[in-house]
Amino acid sequence: MMKNSIVSTGSMCLKSALLAAAVLTVPFGANAQQLDLSVLETKTEERRTIRRLTATADQMRLEGEFSELRLALYAPRDEALLYRKLQVDYLTTVSAAPEYSNLSVAINGQFVGDIELTSGEQASLRSFDLPPGLIVEGFNEVRFVARHKHRVDCTIPATYELWTVLNPANTGLVFDPGADTAPKLVSGLEVLRAIPNDVTGSTNFRLVQPANMSMSNLDRSLAVAQAVAVFGKYQNPNIEIRTEPGTNAGMDIIVGTRAELSKAGYAVGRTRSGIQGLVLMRSPETGRLSLLIAADSRPALDHSIAQFQEALSKLPITGTQRGIKVFTTKFGYEITPGTAVSLAELGVSSQRFDGRLMQRDFSIRLPEDYFVGDYGKATLSLDIEAFANLSNANRLQVFANGAALASAELTREGITSRSPVNIPLGGFSPGFNELRIEVSSLTSEDEVCDVSSLNGVDRLAFETSTSTIEFDSLARMRVTPSVSPGNLLPQSTADNRSTYIQVPSNDRNSLEAAAQLAVAASAINQIVQPVSLVMGAGDVGSQPGLIVAPVNRLSGLAKQAYTDTLQDTRRSASRGHVANFVGLETLDANEPGLWADLRRYANSAWRNMGFKLGSEFQTQKSFKLEKNDVLISQRTTDLTPQESWVAFFGAPVKQDVWTVVTGLTGDDVKSGVDTLLREGRLAWLGGDTSLYKTSDNTVLSDRFSEANYFASLANPSELRNSRLVVAGVISHNMLDFVVFMVLFGVVLAFSYYVALRKSGR
């Protein structure tokens, strides 16, 4: 008799395939402008299978007058020769003039096709034939370049209205998988870099947890999912925890002892894997992968999982040179302090530009223990030549993770490396950073708007091989609390203990959201962090670790971390003691008066020197939660006087950390985390508290508690690190620290002078 009266199609499909492949199964039963993406209708071609690109709609959005998108697509050995057609499904803004707007597509550097971008309410579908041999086994580069022109408006704000978004559900390689659609055993683990995305562009991981299975096996399944996410750099995981395997695009992970799996209907026999008890299967039609790991005992199961993780780490990255580069730099180019790197190495292509606002995006990666502060700068040297008769109103702006950090005037000749732009180190984040360069190129003729003139003479020439960015020496220091992706999963202070992930019992939404964050953080940080899931029958938050729960289920320090955000008086003065006086605070553009003008002048001077302009937080913005919003907050235990003294001298101190992820309801937590990952905002988190607002796709970050600074274990005795511990005690801004030390020296010298006078010397 079956355990359940309803048996899913996916379960029957997987179990039948396991039986056919000699794996015996006994069935027991079953910042940008917000878009309404609902208009992106999913279209299909009959008798065709699509291998989607690994990105969401928000990550496949091409903005502005010129935009470039590079994606890495992995082709498995048995499918590479079948990929003969590329399908593109897109939607373009109604503001674009179709006669001057187009989208070009190239694969591995070879031009594939061009699309005239016609705007409308419905998406458009185009297909391009690919020559034999263009797609190779391994990683391939797929490059989209969009050029937009506005219908009627020639102003800078109008350029932000121009965009084309690719539909992830229907953009990719289409092919005929053949008549045999039965799942097949796979011997090579390389195929784990080709997990097909779902219709939203997310990578669906289903952790199969049959009834009465041990919770520790869910921990192991999550460790396997982390390893796979690291291997394939899947930054948009959608985690499902179900009792049965899935049917569509994605991956099933089934982990347990042989006895446990046998009770659930899985009995593993012969396999084609070199790892004991590991079975990997793949459905040719959907591309769905099923990974099963079984062993006689729990220690043997842990050994097999460790073997699996080690095997993945040793596999080489194969494919074309372009495809490999896109994949390896997906989470930013690794910065070496003191070394200038060209923007061409960062993936930015040279360009001749004929529009009003040139926008170029790239990403970098800084050390996870990088100390955020204005003790140094990044020097951006650009080679931009101006051809047109530019007006005097043009500027260059540099953004990092959505915040404006530096600006400079654009001369009539352009910008040369002889006049570099200094970017404050305090504006970057540890780990992954997204950067954007914007250069306006207005002329006097733009005052009389003639759209047809936009298709004429080039205004700028941007040469990226001679444009460089160089970082000063970086202090290596751990800062707590901190909600950056590298610190999202707190390290346990107990040796060899997994990080606790606490969620309320009977709250699947919070559980799956917690698993998504763990897997996404692993992918971005490229590290597997052992976790231990704890299901609390009551309120949760009494133990340090990652706590994911709605606000009405929080307790202890986790609850306090949330309530702190409702009290403005709790906000730490992170902007420094003298910043307002010396012009480091950001000003309202409409603030009148001579004093405001003087502060703006000082403001500009500090920018040019490479100092960050105070906090990006604005007092009129509230951390109040609304529907689908997600609040991510971190708190730590207070250090004892002895520990504070040790930390003062730059030595690391173990400290308990609570990271709280909450929303109004469990549904809001899950929905908000889905959107946060889908729109690529995880790297924007900062301070000790960040609020992700789904209504306008923004991240508000600030500090509600005093930070603790510890020297990095890599170099605990470095003078720079110890000096910054002192700076942190005085101010979060290095300039404030310098001013403080100068005043302290003056007072000390005056006191010494008075003492000498009184002594008669």
Side-chain angles (χ1 to χ4, degrees), residues 32 53-56 58-74 103-112 136 138-147 164 166 193 232-236 317-336 339-353 358-366 378-384 396 398-402 417 421 423 428-429 431-439 460-471 523-524 526 680 683-684:
L53 303 179
T54 54
T56 65
D58 296 276
Q59 293 156 359
M60 292 199 291
R61 177 184 168 108
L62 298 108
E63 300 175 321
E65 294 169 304
F66 178 94
S67 186
E68 186 177 43
L69 175 66
R70 285 187 168 99
L71 298 171
L73 182 142
Y74 190 91
L103 176 71
S104 61
V105 187
I107 295 180
N108 294 329
Q110 181 172 328
F111 176 78
V112 170
V136 304
F139 284 107
N140 299 263
E141 181 205 48
V142 182
R143 177 173 177 258
F144 298 93
V145 175
R147 296 173 179 84
T164 292
L166 306 180
R193 287 191 168 123
K233 295 190 175 182
Y234 299 112
Q235 69 186 102
N236 310 307
I317 302 175
T318 60
T320 67
Q321 185 176 2
R322 289 172 178 267
I324 291 174
K325 185 173 183 179
V326 173
F327 177 74
T328 55
T329 59
K330 182 173 183 177
F331 298 132
Y333 184 96
E334 196 78 35
I335 290 295
T336 301
T339 302
V341 57
S342 72
L343 298 193
E345 293 179 77
L346 300 180
V348 185
S349 60
S350 298
Q351 176 194 2
R352 296 177 72 91
F353 182 71
M358 182 172 67
Q359 299 171 309
R360 305 312 304 270
D361 298 321
F362 59 96
S363 58
I364 60 171
R365 189 171 193 87
L366 298 177
T379 303
L380 180 64
S381 302
L382 298 177
D383 184 1
I384 301 177
L396 156 75
V398 183
F399 299 83
N401 301 324
S417 58
V421 178
I423 308 174
F428 297 96
S429 299
F432 180 47
N433 289 260
E434 299 173 333
L435 278 74
R436 168 171 286 189
I437 298 171
E438 289 191 352
V439 183
L460 300 174
F462 186 18
E463 180 56 51
T464 60
S465 63
T466 53
S467 298
T468 63
I469 187 169
E470 180 178 355
F471 280 74
I524 293 177
Q526 288 291 280
W684 291 30

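Numbering of residues begins at 1 and proceeds along the displayed sequence.
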Legend entry - Electrostatic pair Glu141-Arg70, nearest N-O below 4.0 angstrom: yes

Inset, instruction - Check step by step if side chain to side chain contact (heavy atoms under 4.5 Å, CB included) holds for Thr54 and Lys330. - result: CA-CA 11 Å; Thr54 54; Lys330 182 173 183 177; 4.3 Å; yes

Legend entry - Test: Arg436 and Glu434 ion pair at under 4.0 Å: no

Inset, instruction - Give a yes or no on whether the backbone of Arg193 and the side-chain of Tyr234 come within a donor-acceptor separation of less than 3.5 Å. - result: yes

Inset, instruction - Could you walk me through whether Gln359 and Phe66 pass side chain to side chain contact (heavy atoms under 4.5 Å, CB included), step by step? - result: CA-CA 7 Å; Gln359 299 171 309; Phe66 178 94; over 6 Å; no

Legend entry - Side chain Lys233, main chain Phe327, donor-acceptor under 3.5 Å: yes

Inset, instruction - Kindly indicate whether the side chain of Thr328, heavy atoms from C-beta on, has any atom under 4.5 Å from the side chain of Ile317. - result: yes

Inset, instruction - Find the distance between OG (Ser429) and CG (Asn401) and round it off to the nearest 0.5 Å. - result: 4.5 Å

Legend entry - Nearest non-hydrogen partners of Met60 and Ala55, listed with the distance: CG-CB, 3.6 Å

Inset, instruction - Tell me, please, which residues at least two apart from Phe462 pass ring pair (Phe, Tyr, Trp, His ring centres under 6.0 Å). - result: none

Legend entry - Which residues share a ring pair (Phe, Tyr, Trp, His ring centres under 6.0 Å) with Phe471, sequence neighbours left out: Phe428

Inset, instruction - Find out whether Thr379 and Ile469 are in side-chain contact, i.e. whether some heavy atom of one side chain is under 4.5 Å from a heavy atom of the other. - result: no

Inset, instruction - Measure from the side-chain N and O atoms of Ser342 to the backbone N and O of Glu345, and report whether any donor-acceptor pair falls under 3.5 Å. - result: yes

Legend entry - Modelled atom types, side-chain donor and acceptor of Thr320 and Asn140, under 3.5 Å: no

Inset, instruction - Report, as yes or no, whether the 6.0 Å neighbourhood of atom CD on Gln321 holds more than 12 heavy atoms from other residues, nucleotides or ligands. - result: no

Inset, instruction - Hey, could you give me the CD1/CG distance between Ile423 and Leu380, rounded to the nearest 0.5 Å? - result: 4.5 Å

Inset, instruction - Identify the two heavy atoms, one from Ser363 and one from Thr329, that lie closest to each other, and give their separation to 0.1 Å. - result: OG-O, 4.1 Å

Inset, instruction - Identify the heavy atoms of Ser104 and Arg147 that sit nearest to each other, and give their distance. - result: OG-NH1, 3.8 Å

Inset, instruction - Output all residues satisfying side chain to side chain donor-acceptor pair (under 3.5 Å) with Gln110, sequence neighbours left out; order by chain, then residue number. - result: none

Inset, instruction - Might you work through the side chain to side chain contact (heavy atoms under 4.5 Å, CB included) test for Thr336 and Glu470, ending with a clear yes or no? - result: CA-CA 8 Å; Thr336 301; Glu470 180 178 355; over 6 Å; no

Legend entry - Test item: Ile437 and Phe362 side chains (from C-beta on) under 4.5 Å apart, heavy atoms: yes

Inset, instruction - State the CG-CG distance between Leu346 and Leu435, to the nearest 0.5 angstrom. - result: 9.0 Å

Inset, instruction - Would you name the heavy atoms of Leu71 and Val326 that are closest together and state the gap between them? - result: C-CG1, 3.8 Å

Inset, instruction - Please assess Glu438 against Met358 for the test side chain to side chain contact (heavy atoms under 4.5 Å, CB included), listing each intermediate value before the final yes or no. - result: CA-CA 6 Å; Glu438 289 191 352; Met358 182 172 67; over 6 Å; no

Legend entry - CG on Leu382 to OG1 on Thr468, rounded to 0.5 Å: 8.0 Å

Legend entry - Minimum heavy-atom distance Ala72-Gly323, with the two atoms named: CB-O, 3.9 Å

Inset, instruction - Report yes or no: does Ser381 contribute a side-chain atom to a donor-acceptor pair with the main-chain N or O of Ser467 at less than 3.5 Å? - result: no

Legend entry - Minimal non-hydrogen separation, Val348 against Asp361, with atom names: CG2-O, 3.9 Å

Legend entry - Candidates Leu62, Val145, Leu103 - the one meeting side-chain contact (heavy atoms from CB on, under 4.5 Å) with Ser67: Leu62

Inset, instruction - Before accepting this row, confirm whether a basic side-chain N of the pair Glu68/Arg360 lies closer than 4.0 Å to the acidic partner's carboxylate O. - result: yes

Legend entry - Between Glu463 and Ser350, a side-chain donor and acceptor under 3.5 Å: yes

Legend entry - Glu65 vs Phe353 side-chain heavy atoms within contact, under 4.5 Å: yes

Inset, instruction - Would you confirm whether Asn433, through its side chain, and Gly431, through its main-chain N or O, come within 3.5 Å as a donor-acceptor pair? - result: yes

Legend entry - Euclidean distance, Tyr74 OH relative to Thr318 OG1, rounded to 0.5 Å: 4.0 Å

Legend entry - Check: Gln59 and Asn236 side chains under 4.5 Å, non-hydrogen atoms: yes

Inset, instruction - Can you label the angle between the Phe432 ring and the Phe331 ring as parallel, tilted or perpendicular, going by 30° and 60°? - result: perpendicular

Inset, instruction - Measure the spacing between CG of Asp383 and OG of Ser465 and express it to the nearest 0.5 Å. - result: 7.5 Å

Legend entry - Close side-chain approach of Val341 and Glu334, heavy atoms under 4.5 Å: no

